[in-house]
Amino acid sequence: MPELPEVETVRRGLAPRLTGAVVTHVDQRRPDLRFPFPDRMAERLVGAEILSVDRRAKYLLMPLSTGETLLAHLGMTGRFTLSGAAEVRPGAFYAPDPPKGHEHLEVGLRSKEGEAFRLTYADPRRFGFIELLPSGDVSRSPRLGHLGPEPLRTDLTAPELRRRLTGKKTPLKAALLDQRVVAGLGNIYVCEALYRAKLSPKRQAGTVGEGRAAALTAAIHDVLDEAIEAGGSTLRDYAHADGGEGSFQQRFDVYDREGEACRRCGATVKRLVQGGRSTFYCSACQR
DNA sequence: AGAGCTACCTGAAGGC
DNA sequence: TGCCTTCAGGTAGCTC
């Protein structure tokens with residue numbers, strides 16, 4: 001899935017076109033993704049203006065003029081595409097194109113300038129979902145209410161991270177993937193941040209003291225900043241690069257580098273399975 | 001309460 | 001070529 005940097009890249013691609021646009025039609029091609037689409041979704045959307053395109057953790061949020069907020073999670077393979085006057089692919093994380101037959105939702109829109117265009121949601125695995133949140137405090141909705149702080153430089157501090165890890169016996173890798181601890185990191189960026197901080201993914205989360213928390217927080221900030229700057233990571237790369245792809249995958253230090261040399265010490269990058277998911281790390285320099 | 005596992009779904013890649 | 005297994009960026013929901 002798209003982790004925080006990928007979702008942020010999608011947000012930045014969508015926002016200029018969607019902000020101020022009005023929904024003119026909705027073509028829902030199946031009843032559900034991971035969860036059922038909202039009841040009467042088409043009638044609730046048609047006529048609504050999209051006020052902004054925001055992000056919280058790995059969620060996209062679009063407040064509407066009706067008071068409701070459209071919430072979208074891309075799961076592992078979800079992808080938004082804008083088409084109309086000019087084709088825009090706001091970040092492609094499942095390159096080059098999703099297999100045909102998985103365009104589950106198409107939304108017709110009209111821009112402030114009166115131009116018609118379309119927003120299409122494709123998701124082969126259908127782990128993504130789309131909901132409509134009622135008016136009110138969206139941050140306390142069921143999907144968002146339990147989320148920890150954004151892991152960005154502007155939000156997360158070292159003392160806060162340390163406090164959130166205190167007392168946890170779970171491995172540090174698992175703690176950082178827990179969206180209640182910090183919200184927006186996924187498998188790639190947790191591996192990369194732990195590498196940069198020279199911390200073992202197997203270390204008990206609660207053993208991270210002041211100094212290690214400072215190193216880890218800085219590593220998280222740096223890796224996310226760089227990944228956002230690079231437009232995220234596009235896996236399953238292919239020969240002809242498209243403007244819609246991120247490039248951070250070229251800068252992975254450990255992720256998907258099992259058997260290759262550690263860029264810092266030359267030891268061999270290892271893979272282990274934690275909580276059913278691959279962890280990549282250097283056992284020589286991550287402690 | 002918290003930690004650990006499985007399910008959800010499709011496609012790509014590798015082994016034979 | 002084809003069949004089989006394994007793996008993939010995530011989260012919810014179940015056990016213990």
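Bear in mind the structure is a predicted one, so any value in this text is a computation, not a measurement. Each chain gets a letter, A, B and so on, in the order its sequence line appears, and its residues count up from 1.
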Report summary line: With the side chain defined as heavy atoms from C-beta on, A:Glu3 is closest, among B:dG4, C:dC7, C:dG10, to C:dG10

Query raised in the report: Hey, does A:Val208 have a side-chain heavy atom less than 4.5 Å from the side chain of A:Leu172?
Result: yes

Report task. Could you tell me if the ring centre of A:His73 sits under 6.0 Å from that of A:Phe129? Result -> yes

Requested in this report: May I ask you to decide whether A:Glu192 forms a salt bridge with A:Arg251, counting only side-chain N to carboxylate O separations under 4.0 Å?
Outcome: no

Query - Of the listed nucleotides B:dA7, C:dA8, B:dG11, the one nearest the side chain of A:His102 - result: B:dG11

Query raised in the report: When the distance from CD of A:Glu258 to C1' of C:dA8 is rounded to whole Å, what number comes out?
Result: 15 Å

Report task. Would you mind reading off the distance between A:Phe252 atom CZ and C:dA8 atom C1', rounded to a whole angstrom? Result -> 12 Å

Report task. May I have the distance from A:Gln179 (atom CD) to C:dA12 (atom P), rounded to whole angstrom? Result -> 9 Å

Report task. Return the stacking result for B:dC8 and A:Phe127: yes when the ring centres lie under 5.5 Å apart and the planes under 30°, no otherwise. Result -> yes

Query raised in the report: Can you list the stems that include DNA chain C, where a stem is three or more consecutive Watson-Crick or G-U pairs with distances under 3.5 Å?
Result: B:2-8 with C:10-16, B:10-16 with C:2-8

Query raised in the report: Taking OP1 and OP2 of C:dG10, is either one under 4.0 Å from a side-chain nitrogen or oxygen of A:Lys58?
Result: yes

Report task. Using the P atom on both, measure B:dC9 against C:dC3 and round to a whole Å. Result -> 24 Å

Query - Lys/Arg-Asp/Glu bridge criterion (N-O < 4.0 Å) met for A:Asp222, A:Arg153 - result: yes

Query raised in the report: Do NZ/NE/NH1/NH2 and the carboxylate oxygens of A:Arg11 and A:Glu6 come within less than 4.0 Å?
Result: no

Query raised in the report: What's the closest nucleotide to the A:Pro171 side chain, out of B:dG4, C:dA8, B:dC9?
Result: B:dG4

Report task. Whole angstrom is fine here: how far is it from CD in A:Glu6 over to P in C:dA8? Result -> 16 Å

**Report entry** Length of the line joining A:Asp178:CG and B:dA3:P, which is rounded to integer Å
**Finding:** 8 Å

Query - Donor-acceptor under 3.5 Å (A:Gln286 side chain, A:Cys282 main chain) - result: yes

Query raised in the report: Between A:Glu8 and A:Arg12, is there a side-chain N and carboxylate O pair less than 4.0 Å apart?
Result: yes

Query raised in the report: Across the strands shown, which category fits A:Tyr255 at heavy-atom distances under 4.0 angstrom: base, sugar-phosphate, nothing?
Result: sugar-phosphate

Query raised in the report: Counting only non-hydrogen atoms, which of residues 275-282 of chain A are less than 4.0 Å from DNA chain C?
Result: A:Arg277, A:Ser278

Query raised in the report: Expressed in angstrom and rounded to an integer, what is the separation of A:Phe129 atom CZ from C:dT11 atom C1'?
Result: 7 Å

Report task. Rounded off to whole Å, could you give me the CG-to-P distance for the A:Leu177 and B:dC5 pair? Result -> 14 Å

Query raised in the report: With distance as the sole criterion, do the side chain of A:Arg126 and the base of B:dT10 form a donor-acceptor contact below 3.5 Å?
Result: no

Requested in this report: Please tell me which of the listed nucleotides, C:dG10, C:dT11, B:dG11, lies nearest to the side chain of A:Asn187?
Outcome: C:dG10

Query raised in the report: When you check the gap from the basic side-chain N to the acidic O, do A:Lys58 and A:Glu3 get nearer than 4.0 Å?
Result: no

Report task. Determine the contact category for A:Phe35: base if any of its heavy atoms lies under 4.0 Å from a base atom, sugar-phosphate if only primed atoms, P, OP1 or OP2 are that close, otherwise nothing. Result -> sugar-phosphate

Query raised in the report: Given atom CZ of A:Arg79 and atom C1' of B:dT10, what is their separation to the nearest angstrom?
Result: 15 Å

Requested in this report: Using a strict cut-off of less than 4.0 Å between a Lys/Arg side-chain nitrogen and an Asp/Glu carboxylate oxygen, indicate whether A:Asp27 and A:Arg29 qualify as a salt bridge.
Outcome: yes

Report task. Measure from the side-chain heavy atoms of A:Arg125 and tell me the nearest of C:dT11, B:dC9, B:dG4. Result -> B:dC9

Query raised in the report: Backbone N or O of A:Arg30 within a donor-acceptor pair of the A:His104 side chain at under 3.5 Å?
Result: no

Query raised in the report: What nucleotide, of C:dT11, B:dG4, C:dC7, holds the atom closest to the side chain of A:Thr170?
Result: B:dG4

Query raised in the report: If we only count heavy atoms from C-beta on, is the A:Met62 to A:Leu18 side-chain gap below 4.5 Å?
Result: yes

Query raised in the report: Relative to the 5' end of DNA chain B, which residue comes earlier, A:Lys168 or A:Arg34, by the nucleotide with the nearest heavy atom?
Result: A:Lys168

Report task. Using a heavy-atom cut-off of under 4.0 Å over every strand shown, decide if A:Arg180 touches base, sugar-phosphate, or nothing. Result -> nothing

